[in-house]
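Single-structure report; data block below.
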Amino acid sequence: MKAISIRKTEQLRGNITIQGSKNTVLPIMAATLLGSGISVIYNCPMIEDVVIMCKLLECLHAKTKLENHVLTIDTREVSYEALPYELTTKLRSSVLLLGPILARWKKVQIGVPGGCAIGLRPIDIHLDGLARMNVDIGCCDGILTGDTSHLQGCDYHLRFASVGATENLVMAATVASGRTILRGVAKEPEIIELCNYLISMGALIEGVGTDTLIIKGTSVLGAADYCNVYDRIVAGTYMLMAAMVPCEICLLGIDDIRYIKNIINVAAELGVNIVRRDNCLKMQSVGKVHGGFFRTGIFPEFPTDLLPVLIAVLIQSEEDSVIEETIFENRFSIIGELRKMGASLTVDDNRVSVQGGKHLQGHTVLATDLRQGAALVVAGLLGKGYTTITNISYIQRGYEDIVRDLKALGVSIEYV
Ligand code: UD1
């Protein structure tokens, strides 16, 4: 299946069970390399990025099995290998293997990580932090190498609260000699989940959830199981979407709203009435989107990953809106595709202005990254006639089955 075809929708009604989190499970998969044993991860999303990470772990002779949302990783017989460029370039999160591989084998060779094309996405903070932990880093022809006699704890201040760099450095620090203090770290839910997982493996970490992590290195960690949290970005996609079309939707699997408070606030501002009951978020709207000024930011602010969806939703408003992006410098790739559908959007530096009162036309549009692709599906809900989204392998990297989810709400949508 290479494309999704979706027809204009007048109302949404039904339930969606929210899949397990992609951005939480990927670093936790990398972390299993720090221990020797069998780890079972429950509520694992059945998505392409997880499959690629399994392949990368298998290159290091781990055994993996993903079945019915249960992922088993056996690291008892892992041994060092250089990671092939063809795989690492497919997955930005392959960079998260740097810390664990160095911790385990004191050397690493890995193709420069790939992933979605959103801005430059440098990894200087990962590399700078590892260098401060006594790693010699080199890079030649797209291949990164690292060597160390031993990882040494250090006091390091991240110049920006990068999620990936925080994850890499905290993993490396768990087995470094002495104490590591990481200042100015990211506080995203994915960091909290990773730190708690590492603690369950035997790591000694203080300050979880704050901007300073203090890690006392230990020599060995053990395997541990993990029950994955729901995917806050997938949940957020459907919460924002609910503003566009008259609806009554229940999102199932939301057992805790700590990680999505700001998304709930924005969805409410857009016009969605949200009530939480047990593990379900009940959402209802009359399909009239309120415009305004919105801004992305580091957690607990509104997540950058939902920016493309927010743009698609705001086009449906009768009012004009402005959205400011503060994390990535090139997250507006959706704009060209939405213009093809009749949207009036202008970009000025890191702000996009959305002219309200425009009615979208169905069109063939191209997915160029994961979240942009999902946002095009959302836009397709209100494009007159049919919208076809091509290049959907990007969407499948993070959304288990967006067609299944929207069909459950009565949408006329198919893989083609
Ligand atoms: C993670 C998420 C991604 C989310 C992003 C921000 C995963 C798998 N991905 O990506 O969905 O959009 O957090 O919440 O969890 N930067 C540097 N140097 C570095 C590292 C980052 O300059 O060494 C910059 C990046 O270019 C970007 C910003 O910092 O502009 C944020 O990046 P970062 O937080 O590292 O994002 P990721 O971990 O790649």
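Counting starts at 1 for both ligands and their atoms, following the listed order.
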Which of the numbered atoms in ligand 1 are under 4.0 angstrom from any heavy atom belonging to [X]?
{"X": "Ser93", "value": "8 (C)"}
{"X": "Ile327", "value": "27 (C), 28 (C), 30 (O), 31 (C)"}
{"X": "Asn23", "value": "2 (C), 3 (C), 7 (C), 8 (C), 9 (N), 11 (O), 15 (O)"}
{"X": "Arg92", "value": "39 (O)"}
{"X": "Arg331", "value": "12 (O)"}

Main chain of [Y], side chain of [X]: is a donor-acceptor contact present, judged purely on distance under 3.5 Å?
{"X": "Asn68", "Y": "Val70", "result": "no"}
{"X": "Arg331", "Y": "Pro308", "result": "no"}
{"X": "Gln109", "Y": "Ala82", "result": "no"}
{"X": "Glu400", "Y": "Met46", "result": "yes"}

So for ligand 1, is [X] a polar contact partner (N or O within less than 3.5 Å, distance only)?
{"X": "Asp305", "answer": "yes"}
{"X": "Phe328", "answer": "no"}
{"X": "Leu26", "answer": "no"}
{"X": "Gly164", "answer": "yes"}
{"X": "Arg159", "answer": "yes"}
{"X": "Phe160", "answer": "no"}

| request: Can you establish whether the number of heavy atoms outside Lys216 located under 6.0 Å from its atom NZ is more than 12? | output: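 Incorrect, the count does not exceed 12.
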
Ligand 1 versus [X]: contacting region, heavy-atom distance under 4.0 Å:
{"X": "Arg371", "value": "neither"}
{"X": "Ile233", "value": "neither"}
{"X": "Thr304", "value": "side chain"}
{"X": "Glu325", "value": "neither"}
{"X": "Ala165", "value": "neither"}
{"X": "Glu167", "value": "neither"}

Will you find, in the side chains of [X] and [Y], an N or O donor that is under 3.5 Å from an N or O acceptor?
{"X": "Thr237", "Y": "Tyr399", "result": "yes"}
{"X": "Glu48", "Y": "Ser393", "result": "no"}
{"X": "Glu325", "Y": "Thr296", "result": "yes"}
{"X": "Ser36", "Y": "Arg104", "result": "yes"}

| task | In sequence, state the C-alpha distance, the side-chain angles, and the governing distance for Ser21 and Tyr259, and then conclude on side chain to side chain donor-acceptor pair (under 3.5 Å). | result | CA-CA 12 Å; Ser21 164; Tyr259 295 158; over 6 Å; no

| task | Please lay out, stage by stage, how Asp128 and Arg159 fare under the test side-chain contact (heavy atoms from CB on, under 4.5 Å). | result | CA-CA 10 Å; Asp128 190 40; Arg159 72 163 173 81; over 6 Å; no

| Option from Leu66, Leu57, Ile38, Val78 for which side-chain contact (heavy atoms from CB on, under 4.5 Å) with Ile73 holds |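 The passing option is Leu57.
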
| task | Report yes or no: does Glu190 have a heavy atom closer than 4.0 Å to ligand 1? | result |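 No; Glu190 lies far enough from ligand 1 that no heavy-atom distance drops under 4.0 Å.
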
| message | Please compare Pro122, Gly398, Ser162, Ala186 and report which has the shortest non-hydrogen distance to atom 25 (C) of ligand 1. | response |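 Looking at heavy atoms only, the winner is Pro122.
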
